[in-house]
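Here's the structure, in C-alpha cells; my notes come after.
So you know, we letter chains A, B, ... as the sequences are listed, proteins then strands, and number each from 1.
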Amino acid sequence: MLQFYDTMMRKKRLFRPIEEGKVRLYSCGLTVNDYAHIGNLRAYVFVDLLRRWLEYRGFDVEHVMNITDVDDKTIQGKQKEGVSLDEYTEKYIDAFAEDLKLLNIKKAKITPKATEHIEEMVRLVKILMKKGYSYRSKDGSIYFDISRFKNYGKLSKMKIGKLKAGARVKVDEYGKEQAADFALWKAWDLDDGDVFWETKLGKGRPGWHIECSAMSMKYLGKTLDIHTGGVDNIFPHHENEIAQSEAITGKKFVNYWLHNEHLLIKGERMGKSLRNFYTLRDIIDMGYNPVSVRFLLMSTHYRKQFSFTFESLEAAENALHRLRDFMGRLDECKNNECTEGVEGLIKEASQDFEDALDDDLDISRALATVFNLVREVNKLIDMKKLCQAGARQVRDLIRDFDRVLCVFSDSWQPKERKLSNEVERLIRKREAARKARDWKTADAIRDKLQKSDIILEDTPNGVKWRKRRVKKR
RNA sequence: GCCGGGGUGGCCGAACGGCUCAGGCGGCAGCCUGCAGAGCUGCUUUAUAUGGGUUCAACUCCCAUCCCCGGCUCCA
C-alpha cells in the first residue's frame, strides 16, 4: 500500500496516479547563481529516492526538474562579473549536474531552463490578463491579483489578511495593490542591464513563479501527480504556482505535494545567506566519499529536519564501509552446502524493506531491515552455515535494494591515489622486515607513516594503505 | 504577533496506546592477527523536556509550562 504525506491535506494518502502505471513528477530545481550546498542537495537526494522507489514499484516516471537561470541574484552576479547571463549560469549548471552525478542521483528526463521558455510564460500571462486575474502597475510590471483567486492560501494554510501583519512586507515599493500579490512579469529597469526580452507583454523578464507553471504544463500537462520542493517553497512559490496554474486551466494543478525539510548546521538552517554551508566539493576535498554524503542525506526521513555534523558524516561513512565489507564476505563464501536456509531471512527482509518505503519512504525502517539482515547473515557466515548459493541469493536481494539506495557499489576514488617514492620505499622496506619477523623495524615504519597521515593495514591480500582524513575548519 | 515541526540512551536516530522502546555510530569484551588496524559476534536497557490529566495500559492521547528549529521576505 503505497502512500505519501501530502502537504495539501496534511496527512498520508494512498498514492494513485492519474494514469495507470505512470507518474508525472515535477521538482523545483536550483537557482543557478552559486554552487549548490549540501542542504540544497538534500532536496535532490530525496527526489531521487522517491523516483527510484516509484520505479522499483513499476511506475514509469516522467520526471521534470527546472533550472531557474534568471532572477535577481543571477542578474546581480552576472553584472558583477561582467559576463553574459548564459556564461554566468553555465558554470553553476555544470557544477550542479556534476554534484548530482557524484551523489548517484538519476538525471531528470527533462531539465528545462527558464530562459528557454519565455514564450510559454508570456502565453500564460496573457491568458491570465484576459481572464482578469492580473493588473499592470505604473512601471509596466504585471501582477497576479490574489484576491481574484478564491482559495489562495490553501496549501500553506495562510490567511491573506494575516500576511499583511507580517512585519517585513514591502507593499508600496513596486506599486502592488496588495502585499501578497506577486509578479508575473517584471518590467525592465536599469539594474537589469542587458537582461530582458522584448515580448508582447513589453520589455522585461518573467516573474519567478510563472516558469514552473509554464514548464510543468508544457512537459507534463495540466495536472501533475507529484510536485516536490523544499518546505521553504510552500509559501509563496508553490502557493503562487497553484493560483496561476489553476486560474489558467481551471483544473487541479497537483495531486500530491511532497516537501522536504531543511538541513541544519549547528542548530540553524543551512543557507547561503547565513554563510554556514558546505558544498559537496568542500566535503570531497576533506577526503570524504560523496556516496557517504548521499547515505547521510538520505538516511534521515525527508520530512524531518536534521543537523549536519562531521561526526554523523563519519558515522555514515563507517556504516557504508560495513555494508560493503559484507558484500565482500558474501563473494568469498564458497561453502557447498547450506546447513541452514536463508530463504526465511530473505523473504522477511524483502517484505519489511518494501513495506517501509511504501509508507511515505520510511527510510529508517528500511535501513534497519538491511542492517538486521546483514547481522543475521554474518552470523551464518561465522558459523559456516551459509553456502555459495545462499550467499548469492542474499547478494541479489541487496543489489535489488541498491537499485533504490545506490550506496553499495562504489566506483568513486579519491583524487590522490599515488604515493611518493619515498613512502613506497618505506612500505617495501617494512614488508621485508615483516618477512624477516623483525617486528620492531616494521612497527617503527608503520608509526612513522602514520605521523604523515598514511595508515597501513596488513590484510591477507597484502598490505593496504589509506590516507587519514584531514579536517579543515 | 500569526502558522507549522520538534524535544527519546555517550552521540545520531526509529517507534507514536499494550507484544523485548528499531537501527547506526561510539565505547567495552571475545574471536581473528606477530602486534596494530580492518572484519565478525556479544555487551553497552530502570533513555522518552517538565508538571498534571485520560486509560486496565502512554514515548505515543489531552491540558499547562519551559526550550529548540522552521515558515510568514529571494531561499532546497
Side-chain angles (χ1 to χ4, degrees), chain A residues 7 10 27-31 33-34 36-47 68 71-74 76 153 156-159 161-170 179-180 208 228-237 239 259-264 267-274 295-296 299-309 311-323 325-326 328-329 352 356 362-372 374-375 377-379 381-383 434 437-440 442-443 446-447 450 455-460 463-464 466:
Chain A
T7 308
R10 302 284 156 108
S27 305
C28 277
L30 194 70
T31 302
N33 57 23
D34 202 348
H37 57 69
I38 55 173
N40 298 129
L41 294 172
R42 182 186 188 191
Y44 309 112
V45 170
F46 150 61
V47 174
T68 301
D71 78 321
D72 291 355
K73 281 185 185 162
T74 45
Q76 267 170 34
S156 55
K157 308 279 182 261
M158 286 221 240
K159 294 172 191 100
K162 300 277 185 197
L163 219 64
K164 270 188 155 174
R168 288 163 293 173
V169 185
K170 297 174 280 186
W208 173 38
T228 69
V231 288
D232 49 285
N233 279 329
I234 295 172
F235 188 91
H237 185 50
E239 202 66 76
H259 291 99
N260 62 279
E261 258 296 351
H262 289 304
L263 184 65
L264 308 181
E268 277 186 304
R269 171 182 173 180
M270 184 178 285
K272 283 174 188 165
S273 51
L274 293 163
F295 185 77
L296 177 65
S299 58
T300 294
H301 185 86
Y302 74 93
R303 278 193 290 115
K304 191 152 183 169
Q305 293 176 343
F306 86 100
S307 286
F308 173 81
T309 60
E311 287 70 25
S312 59
L313 180 59
E314 206 87 28
E317 195 143 287
N318 290 339
L320 280 188
H321 201 67
R322 179 160 183 235
L323 294 178
D325 283 335
F326 174 69
R329 290 193 94 199
D352 288 352
D362 191 345
I363 190 73
S364 304
R365 232 165 78 208
L367 291 177
T369 299
V370 173
F371 281 103
N372 279 328
V374 169
R375 187 177 332 90
V377 172
N378 265 329
K379 275 191 215 170
I381 295 173
D382 282 355
M383 294 184 294
R434 285 187 69 220
R437 304 185 72 80
D438 177 3
W439 311 125
K440 207 174 157 189
D443 291 354
R446 186 170 63 197
D447 290 349
Q450 194 167 73
I455 311 229
L456 295 186
E457 288 173 12
D458 301 320
T459 76
V463 63
K464 280 186 183 165
R466 63 188 163 90

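- Across all strands shown, A/R446 has heavy atoms under 4.0 Å from base atoms, whether or not it also approaches the sugar-phosphate.
- Look at CD1 on A/I38: it is 15 Å from P on B/A76, rounded to the nearest Å.
- Within 4.0 Å of A/R434, counting heavy atoms only, lies at least one base atom of the nucleic acid.
- Between the C1' atom of B/C32 and the CG atom of A/D325 lies a distance of 15 Å, rounded to the nearest Å.
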(request) Please report the C-alpha distance between A/R446 and A/D443 in whole Å, then the side-chain angles of each, then the deciding distance to 0.1 Å, and finally whether the salt bridge (Lys or Arg N to Asp or Glu O under 4.0 Å) criterion is met. (result) CA-CA 5 Å; A/R446 186 170 63 197; A/D443 291 354; 3.6 Å; yes

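- If you check B/A14, B/G24, B/A76 against the side chain of A/T300, the one that comes closest is B/A14.
- At least one side-chain heavy atom of A/I38 sits under 4.5 Å from a side-chain heavy atom of A/M270.
- Of the candidates B/G39, B/A76, B/G23, B/A76 carries the atom nearest the A/L30 side chain, counting heavy atoms from C-beta on.
- Put simply, the side chain of A/K272 reaches to within 4.5 Å of the side chain of A/H37, judged on heavy atoms.
- Nucleotide B/G13 holds its P atom 13 Å from the CZ atom of A/F295, rounded to whole Å.
- In this structure, CG of A/L264 is placed 12 Å from P of B/C12, rounded to the nearest angstrom.
- Among the heavy atoms of the strands lying under 4.0 Å from A/T31 are primed sugar atoms or P, OP1, OP2 only; no base atom is included.
- Summarising the geometry, atom CZ belonging to A/F326 is positioned 5.5 Å from atom CG belonging to A/N378; distances are rounded to the nearest 0.5 Å.
- The nucleotide whose nearest atom lies closest to any side-chain atom of A/H262 is, among B/G13, B/G70, B/C74, B/G70.
- Taking the side chain of A/K304 as heavy atoms from C-beta on, and the options B/G6, B/G34, B/A76, the nearest nucleotide is B/G6.
- The side chain of A/S364 lies closest to B/G13 when the candidates are B/G39, B/G13, B/C74.
- A sub-4.0 Å separation between OP1 or OP2 of B/U41 and a side-chain N or O of A/R329 is absent.
- Listed by chain and number, the residues in a side chain to side chain donor-acceptor pair (under 3.5 Å) with A/N318 amount to none (sequence neighbours excluded).
- The nearest whole Å value for the distance from the CZ atom in A/F306 to the C1' atom in B/C69 is 14 Å.
- Within 4.0 Å (heavy atoms only), A/G29 reaches sugar-phosphate atoms of the nucleic acid but no base atom.
- Spacing of P atoms, B/U46 relative to B/U65, comes out at 36 Å, to the nearest Å.
- Contacts of A/D443 with the nucleic acid, taken as non-hydrogen atoms under 4.0 Å apart, include base atoms.
- Listed candidates were B/G23, B/G71, B/A76. Nearest to the side chain of A/F235 is B/G71.
- Taking atom P in both B/A15 and B/G53, one finds a spacing of 29 Å when rounded to whole Å.
- A close approach under 4.0 Å does not occur between any side-chain nitrogen or oxygen of A/R10 and OP1 or OP2 of B/G5.
- Straight-line distance from the CG atom of A/L263 to the C1' atom of B/G13: 15 Å, rounded to whole Å.
- Listed nucleotides: B/G34, B/U41, B/C25. Nearest to the side chain of A/K379: B/U41.
- With C1' as the reference atom, B/U73 and B/C67 are 26 Å apart, rounded to whole Å.
- Within the nucleic acid shown, A/D458 comes within 4.0 Å of at least one base atom, counting heavy atoms only.
- Between the P atoms of B/G18 and B/G26, the separation comes to 32 Å (whole Å).
- Distances from the side chain of A/D232 to the nucleotides B/G26, B/G37, B/A76 place B/A76 closest.
- Listed nucleotides B/G23, B/A76, B/C74 differ in distance to A/K73; the shortest reach to its side chain belongs to B/C74.
- Counting non-hydrogen atoms under 4.0 angstrom, A/A368 reaches a base of the nucleic acid.
- Phosphate proximity of B/A76 to A/N233: absent, as no side-chain N or O sits under 4.0 Å from OP1 or OP2.
- When the C1' atom of B/U73 is taken as reference, atom NZ of A/K272 falls 16 Å away, rounded to whole Å.
- In this structure, A/Y44 reaches the sugar-phosphate backbone alone: every heavy-atom distance under 4.0 Å involves primed, P, OP1 or OP2 atoms, never a base.
- Between A/F46 and A/Y302, the angle of the ring planes stays under 30°, which puts this pair in the parallel group of the 30/60° scheme.
- Using a 4.5 Å cut-off on side-chain heavy atoms (C-beta onward), A/R322 and A/V374 make contact.
- Within the nucleic acid shown, A/I381 has no heavy atom closer than 4.0 Å to any nucleic acid atom.
- Across all strands shown, A/F326 has no heavy atoms under 4.0 Å from either base or sugar-phosphate atoms.
- When the P atom is used for both B/G39 and B/G5, the distance is 41 Å, rounded to whole Å.
- Nearest-nucleotide mapping onto RNA chain B: of A/R437 and A/S312, the residue sitting toward the 5' end is A/S312.
- Base engagement by A/G39 is indicated by at least one non-hydrogen atom pair under 4.0 Å involving a base atom.
- The closest side-chain heavy-atom distance from A/R269 to A/Q305 is not below 4.5 Å.
- Nucleotides B/U50 and B/G7 have their C1' atoms positioned 11 Å apart, rounded to a whole Å.
- The separation of B/G27 from B/C11, taken at their P atoms, amounts to 15 Å, rounded to a whole angstrom.
- A sub-4.0 Å separation between OP1 or OP2 of B/A22 and a side-chain N or O of A/N372 is absent.
- Residue contacts shown for A/H321 are limited to sugar-phosphate atoms, with no base heavy atom under 4.0 Å away.
- Under the side chain to side chain donor-acceptor pair (under 3.5 Å) criterion, A/D34 pairs with no residue, sequence neighbours left out.
- Within a 6.0 Å radius of CZ in A/R437, no more than 12 heavy atoms belonging to other residues, nucleotides or ligands are found.
- The shortest distance between side-chain heavy atoms of A/L30 and A/T68 does not fall below 4.5 Å.
- Position along RNA chain B of the nearest nucleotide to A/L323 versus A/A316 favours A/A316 as the more 5'-ward residue.
- Two residues are said to be in side-chain contact when any heavy atoms from C-beta on lie closer than 4.5 Å; A/V231 and A/H262 meet this criterion.
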(request) Toss me the dot-bracket line for RNA chain B: Watson-Crick and G-U wobble, both under 3.5 Å, 5' to 3', using | for pairs to another strand and [ ] for crossers. (result) (((((((..(((.....[....)))((((((.......))))))....(((((..]....))))))))))))....

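- In the set B/G42, B/A76, B/A15, the nucleotide with an atom closest to the side chain of A/R375 is B/G42.
- B/G34 has its base stacked against the ring of A/W439, the centroids being under 5.5 angstrom apart at an interplanar angle below 30°.
- Atoms CE (A/M270) and C1' (B/G71) sit 19 Å apart, rounded to a whole Å.
- Rounded to the nearest Å, the gap between the P atom of B/A47 and that of B/U8 is 14 Å.
- Base engagement by A/N260 is indicated by at least one non-hydrogen atom pair under 4.0 Å involving a base atom.
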